[in-house]
Amino acid sequence: MTTPPAPTRTGALAGPAPRPGIFDELSKREIRRAILTGIAVPGYQVPFGSREMPVARGWGSGGLQATLALVGEDSRLKVIDQGEDAGVNASNLRRLVTGHTGCEEETDTRAADVVQSRHRIPEQPLTDGQILVLQVPGAEPLAAIVRDMDEQRRMHAEADYSKMWVRLYEDIVHNGLITAAAGYPVLVEGRYVMTPSPIPRWDVPKLNRSEAITVLSAGREKRLFAVPPHTRVEPLTFDDRPFEVEYTPGAACRLCGSDDTYLVQEPGTDGTFSNWVCSDTDFCTRRRTGDAPAEVAAGPAALARAVLDGRTRRATPEQEATA
């Protein structure tokens with residue numbers, strides 16, 4: 001009878017026997033250590049050794065690596081692209097991860113252990129024990145303001161974000177409002193300015209005091225950052241310019257009738273974009289069956305209506321002059 005070889009020190013460090021696939025155990029451990037550092041210092045950009053993935057950098061390689069490091073055979077994984085489970089990008093990434101790790105596929109946000117997303121946070125409030133992984137094409141919020149990377153690091157280290165505030169002020173002066181849409185800058189726990197992936201402004205309030213862990217990973221820039229549960233995440237705004245989210249008064253989903261979810265337009269039979277549907281297909285389906293909560297996470301629609309009401313009540317210069 002042949003005696004199996006004794007395990008080596010390197011083999012012990014690598015953990016269980018590797019599965020045939022695209023990501024080794026030592027690489028997964030490095031990603032997990034970087035995620036733990038990001039959780040310990042919310043909003044801080046943690047460098048990591050980004051590996052080559054079977055997707056191009058800039059197309060979700062960072063989120064893919066974080067997901068592969070977090071899921072196991074007993075995990076339930078949900079992957080969405082722009083809120084849709086059946087999108088081409090979501091389907092291919094989900095098939096890739098489940099084939100490599102042996103985890104279970106999931107479409108119900110409530111039952112998922114890990115939710116990997118591109119450009120959206122689900123409308124269903126995430127709970128304790130869940131992890132949201134966001135793909136990030138650009139990790140540095142100061143990139144459009146300061147080109148020099150050493151200066152960017154200095155500004156983060158000293159919390160010197162004066163140039164960011166000037167940029168926002170100039171935006172208001174030139175355009176009458178802050179035009180930043182996807183990736184709106186936020187302040188994490190009063191310390192680091194962070195770009196929350198290219199999610200719409202509608203989803204930004206969902207990061208504040210969330211019960212779930214949020215991991216944002218940029219494979220091309222080889223950096224990741226995280227927001228632990230119950231962390232204060234505030235969009236950068238001025239006292240006299242309240243934060244606004246995308247909202248079209250009177251628009252509602254043609255399928256479930258919701259007017260408090262993030263809506264996108266779809267083309268009609270005549271080619272015009274006249275219909276609205278929910279971006280989150282799982283939430284829309286459950287709303288139609290009565291299995292969804294009455295309110296979406298963070299209530300962004302109520303925030304939008306409050307801003308509109310404030311504008312309506314605000315007096316015009318002519319009214320102030322005659323008062």
Side-chain angles (χ1 to χ4, degrees), residues 37-47 119 121 134-210 214-218 220-221 223-228 230-247 262 298-300 302-311 313-315 317 320:
T37 302
I39 293 173
V41 190
Y44 173 71
Q45 298 176 32
V46 183
H119 297 186
I121 296 177
L134 290 173
Q135 302 170 201
V136 183
E140 181 53 70
L142 302 174
I145 300 172
V146 178
R147 295 294 183 183
D148 184 67
M149 296 182 65
D150 289 335
E151 179 64 8
Q152 294 170 3
R153 295 190 186 99
R154 182 200 66 79
M155 293 173 68
H156 282 300
E158 299 179 5
D160 178 11
Y161 298 119
S162 56
K163 292 183 179 180
M164 173 69 79
W165 287 106
V166 171
R167 170 62 67 88
L168 296 176
Y169 173 74
E170 290 176 344
D171 203 2
I172 293 175
V173 171
H174 293 155
N175 303 296
L177 75 164
I178 298 176
T179 58
Y184 192 98
V186 296
L187 186 64
V188 182
E189 205 59 46
R191 178 56 181 88
Y192 286 101
V193 166
M194 180 186 82
T195 176
S197 176
I199 60 174
R201 286 175 296 175
W202 181 275
D203 288 339
V204 170
K206 299 175 186 177
L207 292 170
N208 187 43
R209 308 291 186 186
S210 173
T214 304
V215 177
L216 305 98
S217 182
R220 179 171 48 189
E221 298 186 13
R223 283 182 258 178
L224 62 79
F225 38 104
V227 179
H230 310 291
T231 299
R232 184 161 40 97
V233 180
E234 302 169 312
L236 298 185
T237 187
F238 299 94
D239 292 340
D240 59 344
R241 294 284 177 171
F243 177 69
E244 301 181 44
V245 301
E246 302 89 344
Y247 183 69
Y262 186 71
L303 174 64
R305 295 186 186 113
V307 172
L308 289 176
D309 291 343
R311 286 179 180 174
R313 297 188 187 121
R314 191 180 304 150
E320 293 178 348

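Summarising the geometry, atom OG1 belonging to T214 is positioned 11.0 Å from atom CZ belonging to F225; distances are rounded to the nearest 0.5 Å. Note that the NZ atom of K206 and the CD1 atom of I121 stand 6.5 Å from one another [nearest 0.5 Å]. The distance from atom CZ of R220 to atom CD of Q135, rounded to the nearest 0.5 Å, is 12.0 Å. A distance of 5.0 Å separates CG in L142 from CE in M164, rounded to the nearest 0.5 Å. With rounding to the nearest 0.5 angstrom, the OG1 atom of T237 is 8.0 Å from the CG atom of L168. In this structure, the separation between CG on L187 and CZ on R232 is 7.5 Å, given to the nearest 0.5 Å.
Between the side chain of Q152 and the main chain of V146, a donor-acceptor pair closer than 3.5 Å is present. Looking only at distances, no side-chain donor or acceptor of R201 sits under 3.5 Å from a matching main-chain atom of P235.
Listed here is the closest heavy atom pair of E246 and P200: OE2-CB, 3.3 Å. Across all non-hydrogen atoms, the minimal contact from P198 to A182 is O-CB, 3.6 Å. Smallest separation of non-hydrogen atoms from P228 and I39: CG-O, 3.6 Å. Contact record, V245 with P300: CG2-O, 3.5 Å, taken as the closest heavy-atom pair. Shortest non-hydrogen contact noted between A180 and D171 is N-OD2, 3.9 Å. What you find for V188 and P42 is that their closest heavy atoms are CG1-CB, 3.6 Å.
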*Before giving the answer on side chain to side chain contact (heavy atoms under 4.5 Å, CB included), spell out for I172 and F238 the whole-Å C-alpha distance, their side-chain angles and the decisive distance to 0.1 Å.*
CA-CA 10 Å; I172 293 175; F238 299 94; 3.6 Å; yes
*Between F243 and E234, does a side chain to side chain contact (heavy atoms under 4.5 Å, CB included) hold up when you go through it step by step?*
CA-CA 10 Å; F243 177 69; E234 302 169 312; over 6 Å; no
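Between P205 and L303, some side-chain heavy-atom pair lies under the 4.5 Å cut-off.
Legend: salt bridge (charged side-chain N to carboxylate O under 4.0 Å, His left out) pairs involving residues 174-185, not counting sequence neighbours: none detected. Sequence neighbours left out, the pairs with a member in residues 137-149 that pass side chain to side chain donor-acceptor pair (under 3.5 Å) are Q45-E140, E140-H156, E140-R223. Applying the side chain to side chain donor-acceptor pair (under 3.5 Å) rule to pairs touching residues 183-193 yields nothing, sequence neighbours excluded.
Looking at residues two or more places apart in sequence or on another chain, you find no ring-ring contact (aromatic ring centres under 6.0 Å, His included) involving Y169. Partners of E158 according to the salt bridge (Lys or Arg N to Asp or Glu O under 4.0 Å) rule, which considers only residues two or more places apart in sequence or in another chain, are R154. When the side chain to side chain donor-acceptor pair (under 3.5 Å) test is applied to R209, no partner is found at least two apart in sequence or on another chain.
For the side-chain contact (heavy atoms from CB on, under 4.5 Å) test with I199, the passing option among L207, V136, L216 is L207; the others fail.
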